[in-house]
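Let me begin by presenting the structure, written as structure tokens, before commenting on it.
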Amino acid sequence: MCSTFKNGDRVLKPRSIVEARGSTGALSAVWAGFARSEILSWWKRQGAIELDIEATEFAERSDKTGELVWGAVPEGLVLRAVLDARGNTPLLKVVTRQATDREMDIYGHRRMPVLDRPLHTFHD
């Protein structure tokens with residue numbers, strides 16, 4: 001599910017404030033869980049917007065060993081997230097997908113973060 005990720009030297013975990021990019025520009029929000037890619041259309045119907053999160057690495061906690069297993073985020077890809085604005089405070093949810101058999105062997109976890117090309121490009 002992407003229990004941790006790095007952006008350079010910064011290690012981010014759930015409940016961290018995460019910087020992301022959305023259709024309205026750069027934003028910061030509390031990482032408050034996960035959104036399954038299989039129901040992404042439901043999230044969008046609830047008003048969630050898709051976000052890009054820059055990351056250099058992500059980690060899954062292996063169900064087999066309990067240890068974090070790290071993997072690189074390939075250059076040119078970002079972590080996908082959604083901004084859930086249904087409550088008083090908008091919350092960030094990292095989008096996950098079903099792990100492949102190979103990923104299950106490597107990471108020992110049934111969910112993986114969605115890594116994709118950025119949807120949003122902003123020049124500072």
Side-chain angles (χ1 to χ4, degrees):
M1 271 193 271
C2 185
S3 56
T4 305
F5 69 89
K6 290 182 184 178
N7 186 343
D9 292 335
R10 190 166 177 221
V11 177
L12 297 147
K13 300 176 183 183
R15 295 188 295 261
S16 297
I17 295 175
V18 175
E19 296 173 12
R21 288 179 301 202
S23 57
T24 59
L27 60 89
S28 296
V30 173
W31 178 6
F34 303 92
R36 292 182 306 140
S37 62
E38 296 87 346
I39 61 167
L40 189 56
S41 61
W42 178 86
W43 283 101
K44 290 179 181 180
R45 286 193 305 275
Q46 303 306 307
I49 61 166
E50 288 185 86
L51 302 174
D52 298 334
I53 301 172
E54 292 182 348
T56 52
E57 296 177 75
F58 69 92
E60 294 296 342
R61 186 162 306 282
S62 172
D63 290 334
K64 298 173 190 174
T65 67
E67 299 294 322
L68 286 177
V69 180
W70 288 91
V73 174
E75 189 170 330
L77 299 184
V78 294
L79 294 175
R80 181 71 61 233
V82 294
L83 187 65
D84 178 8
R86 294 176 296 168
N88 292 336
T89 303
L91 300 172
L92 184 142
K93 312 265 184 179
V94 172
V95 179
T96 66
R97 61 170 176 75
Q98 185 69 37
T100 65
D101 290 342
R102 183 170 185 273
E103 290 166 335
M104 279 291 299
D105 289 342
I106 295 169
Y107 297 96
H109 200 279
R110 60 184 174 80
R111 301 295 296 177
M112 296 293 293
V114 171
L115 305 177
D116 206 353
R117 297 206 181 281
L119 295 173
H120 311 288
T121 304
F122 297 94
H123 302 284
D124 296 323

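Just so you know, these numbers come straight off a predicted model, no measurement behind them.
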Atom [atom1] of [X] and atom [atom2] of [Y]: how far apart are they, to the nearest 0.5 Å?
| X | Y | atom1 | atom2 | answer |
| --- | --- | --- | --- | --- |
| Ile17 | Leu92 | CD1 | CG | 11.5 Å |
| Glu60 | Ser3 | CD | OG | 5.5 Å |
| Gln98 | Met112 | CD | CE | 11.0 Å |
| Trp70 | Ile106 | CH2 | CD1 | 16.0 Å |
| Arg97 | Glu103 | CZ | CD | 4.0 Å |

Is the count of non-hydrogen atoms from other residues, nucleotides or ligands lying under 6.0 Å from [X] atom [atom1] greater than 12?
| X | atom1 | answer |
| --- | --- | --- |
| Lys13 | NZ | no |
| Asp101 | CG | no |
| Arg102 | CZ | no |

Check your understanding: For the hydrophobic clusters of this structure (ILVMFWY residues joined by side-chain heavy atoms under 4.5 Å, transitively), does one cluster hold both Leu40 and Val78?
Key ->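 Hydrophobic grouping puts Leu40 apart from Val78.
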Point to revise | Cluster overlap Tyr107 with Val73, hydrophobic side-chain contacts below 4.5 Å | key: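 Yes; tracing contacts between hydrophobic side chains, which count when under 4.5 Å, links both residues.
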Do the side chain of [X] and the main chain of [Y] share a donor and acceptor less than 3.5 angstrom apart?
| X | Y | answer |
| --- | --- | --- |
| Lys93 | Ala32 | yes |
| Thr96 | Pro113 | no |
| Arg117 | Leu77 | no |

Which heavy atom in [X] sits nearest to a heavy atom in [Y], and how many Å separate them?
| X | Y | value |
| --- | --- | --- |
| Ala99 | Met104 | CB-CG, 4.0 Å |
| Ala29 | Pro90 | CB-O, 4.1 Å |
| Arg111 | His109 | N-ND1, 3.1 Å |
| Gly76 | Pro118 | O-CD, 3.3 Å |

All N/O donor-acceptor pairs, side-chain side in residues 48-59, below 3.5 Å, sequence neighbours left out:
from  : atom 1 : to     : atom 2 : distance (Å)
Glu50 : OE2    : Lys44  : NZ     : 2.8
Asp52 : OD1    : Arg80  : NH1    : 2.3
Asp52 : OD1    : Leu119 : N      : 3.2
Asp52 : OD2    : Leu119 : N      : 2.8
Asp52 : OD2    : His120 : N      : 2.7
Glu54 : OE2    : Arg21  : NH1    : 3.3
Thr56 : OG1    : Lys6   : O      : 3.2
Thr56 : OG1    : Gly8   : N      : 3.4

When you compare the side chain of [Y] with that of [X], does any pair of heavy atoms fall below 4.5 Å?
| X | Y | answer |
| --- | --- | --- |
| Phe5 | Val18 | yes |
| Leu79 | Leu115 | yes |
| Leu83 | Leu27 | yes |

Review point. Could you go step by step and tell me if Leu68 and Thr4 meet the side-chain contact (heavy atoms from CB on, under 4.5 Å) rule?
Key: CA-CA 8 Å; Leu68 286 177; Thr4 305; 4.1 Å; yes
